[in-house]
Structures are given as structure tokens and as C-alpha cells.
Amino acid sequence: SASNKGEKREEEAAAATAVVGEAWKALDLTYPIGRPPFRQAWAASYATRNGQPVSLVMEQCIALCQDKGIQIPADFYRVKRTIEEKERHGADPSLDQQFEELERRRAGKGVN
């Protein structure tokens, strides 16, 4: 029925809003940063995280934004450095290998 479809849409919207909130909370931010295209790119990147380290997802978001010509706020890089430090202190040695691999791929594309 129409009311069930409306409720389903509201539930989906609430779930999407929750993911967006989690995406910024993962960065220790209580508010979104950047322009709407960047905000959408970060929310989409975070939504497909699948348990990857946040810094790795941030790196993927940066690459996506660079490919699409989306401006990345300077604060995103600052937060990324902070998160990388936190992750290294709890460190999983495979993280460094994953970062190095991403850096190699980015260097291969000629993207900085």
C-alpha cells in the first residue's frame, strides 16, 4: 500500500542519514566539512568501507575526488594524519603495506 511505501522510504532515508552521521563521527567531527560534492563523496566512500581502516577509506575518497575534480577541504587531510597516527599506535602491520600500495597506484596514475 501507499503508506507502507512511504514508511519504507522514510526508513531508508533515516538509514542513509545514520550512515552519513557515522561517516563524520568516524573522523571525530560533529559536523560535515567541505562542499556538497565532497560531502557526498565521503559519505559514499564510508558507506562501502567493509571494515577497512578509516584512513584507507579516506585515501580512496581522496583518489575519487581527484579523479572527479572535486575540491578536498584541507581539514580532511589534517584529520587523516591524526587518524593515521591513531591507527599506527594500535597498528596492524598490514596497514603500512596497504598504504604503500595505494601510494604506488596513485603515483602510477600521476595523481598527487
Side-chain angles (χ1 to χ4, degrees):
S1 77
S3 68
N4 284 347
K5 284 182 184 172
E7 285 174 22
K8 187 169 173 63
R9 261 189 248 124
E10 283 177 26
E11 285 172 16
E12 288 169 357
T17 301
V19 168
V20 170
E22 283 174 34
W24 298 107
K25 224 178 276 177
L27 303 181
D28 287 331
L29 295 173
T30 53
Y31 55 90
I33 57 173
R35 295 189 165 140
F38 171 76
R39 292 176 183 187
Q40 290 167 356
W42 171 239
S45 296
Y46 189 81
T48 59
R49 179 178 172 209
N50 284 341
Q52 292 182 69
V54 172
S55 59
L56 198 61
V57 178
M58 293 177 82
E59 187 64 39
Q60 292 164 349
C61 180
I62 289 167
L64 171 78
C65 288
Q66 287 174 335
D67 287 348
K68 293 188 173 195
I70 295 171
Q71 185 178 5
I72 302 159
D75 281 348
F76 193 71
Y77 291 103
R78 183 183 49 74
V79 169
K80 183 174 178 285
R81 283 191 293 274
T82 302
I83 287 174
E84 285 170 343
E85 281 301 307
K86 284 182 187 173
E87 288 176 352
R88 283 206 178 99
H89 290 300
D92 168 357
S94 71
L95 280 184
D96 286 330
Q97 293 167 344
Q98 291 176 43
F99 286 125
E100 287 166 16
E101 176 60 27
L102 263 176
E103 287 301 316
R104 276 196 298 276
R105 279 196 235 148
R106 283 180 64 197
K109 279 186 174 178
V111 175
N112 294 347

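Bear in mind the structure is a predicted one, so any value in this text is a computation, not a measurement. We count residues from 1, following the sequence as given. These values consider heavy atoms only, across backbone and side chains, with no hydrogens, waters or symmetry-generated copies.
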Legend entry - For P73 against G34, the heavy-atom pair lying closest together: CG-CA, 3.6 Å
Legend entry - From D75 atom CG to L29 atom CG, the distance as rounded to the nearest 0.5 Å: 7.5 Å
Inset, instruction - Grab the two heavy atoms, one from E87 and one from V54, that are nearest each other, plus how far apart they are. - result: OE2-N, 3.1 Å
Inset, instruction - Would you mind checking if K80 and E84 are paired as a salt bridge, meaning a charged N to carboxylate O distance below 4.0 Å? - result: yes
Legend entry - Spacing of E85 atom CD and S55 atom OG [to the nearest 0.5 Å]: 10.5 Å
Legend entry - Main-chain N/O of F38 paired with R35 side-chain donor or acceptor, under 3.5 Å: no
Legend entry - Non-hydrogen side-chain atoms of Y46 and L27 separated by less than 4.5 Å: no
Inset, instruction - Measure the spacing between NZ of K86 and CD1 of I83 and express it to the nearest 0.5 Å. - result: 6.5 Å
Inset, instruction - Heavy atoms only: give me the nearest L64-A41 pair and the separation to one decimal. - result: CD2-CB, 3.9 Å
Inset, instruction - Taking all non-hydrogen atoms of both residues into account, name the closest pair between Y31 and W24 and its distance. - result: O-CE3, 4.1 Å
Inset, instruction - Let me see the working for W42 and I33 under side-chain contact (heavy atoms from CB on, under 4.5 Å), right down to the final yes or no. - result: CA-CA 10 Å; W42 171 239; I33 57 173; over 6 Å; no
Legend entry - From F76 atom CZ to C61 atom SG, the distance as rounded to the nearest 0.5 Å: 4.5 Å
Inset, instruction - For L56 and Q52, work out which heavy atoms get closest and say how close. - result: CD2-OE1, 3.3 Å
Inset, instruction - Take M58 and Y77, measure what side-chain contact (heavy atoms from CB on, under 4.5 Å) needs, and give me the verdict at the end. - result: CA-CA 9 Å; M58 293 177 82; Y77 291 103; over 6 Å; no
